[in-house]
Amino acid sequence: MISLQQDTDGFVRMDRHLPQSASVSISFTNGTTEVITGAQMNKAYDDALADFRAKNHLDAKGFTRIAKKRVLDNNKINFVPVSPGMGQ
């Protein structure tokens, strides 16, 4: 089982996909704990990544097509927003 702790801003640290069938226990700041699957957490990660790329005008692969300068790993995210009840 993978244990994650929500920070005060409502995020958990996650910089890659988890195994699909893994059990993920999330401890929320309000004191509750929820167990979800790795697939559900991966979907939350993918949604956060797509939102980040859209806000920063990046394409689906994380590249900017506007500027001619190199982008250094700024197309990744490290934090995923979570909330109680997201596994339902």
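Computed over heavy atoms, backbone and side chain alike; hydrogens, waters and symmetry mates excluded.
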According to a hydrophobic-cluster definition based on side-chain heavy atoms being under 4.5 Å apart (Ile, Leu, Val, Met, Phe, Trp, Tyr only), do [X] and [Y] belong together?
| X | Y | result |
| --- | --- | --- |
| Leu18 | Phe28 | yes |
| Val24 | Phe11 | no |
| Ile2 | Val35 | no |

Drop me the distance from [X]'s [atom1] to [Y]'s [atom2], to the nearest 0.5 angstrom.
| X | Y | atom1 | atom2 | value |
| --- | --- | --- | --- | --- |
| Met14 | Phe79 | CE | CZ | 13.0 Å |
| Leu4 | Ser25 | CG | OG | 8.0 Å |
| Leu49 | Asn42 | CG | CG | 11.5 Å |

* Determine, stepwise, if the pair Asn78 / Arg13 fulfils side-chain contact (heavy atoms from CB on, under 4.5 Å). => CA-CA 6 Å; Asn78 292 323; Arg13 184 173 176 88; 4.2 Å; yes

* **Set of residues satisfying side-chain hydrogen bond (donor to acceptor under 3.5 Å, both in side chains) with respect to Asn30, sequence neighbours excluded** => Thr32

* Name all residues meeting the side-chain hydrogen bond (donor to acceptor under 3.5 Å, both in side chains) criterion together with Asp7; count only those two or more places apart in sequence or in a different chain, and write none if there are none. => none

* Measure across Glu34 and Ser83 and return the closest heavy-atom pair with its distance rounded to 0.1 Å. => OE1-O, 4.4 Å

* To do: Please report the closest heavy-atom contact between Asp15 and Tyr45, naming both atoms and the distance.
  => O-OH, 3.5 Å

* Under 3.5 Å, is there a donor-acceptor pair between the side chain of Gln6 and the main chain of Thr29? -> yes

* Between Val12 and Met41, is a side-chain contact (heavy atoms from CB on, under 4.5 Å) present by the stated rule, with each step listed? -> CA-CA 10 Å; Val12 294; Met41 215 39 222; 3.5 Å; yes

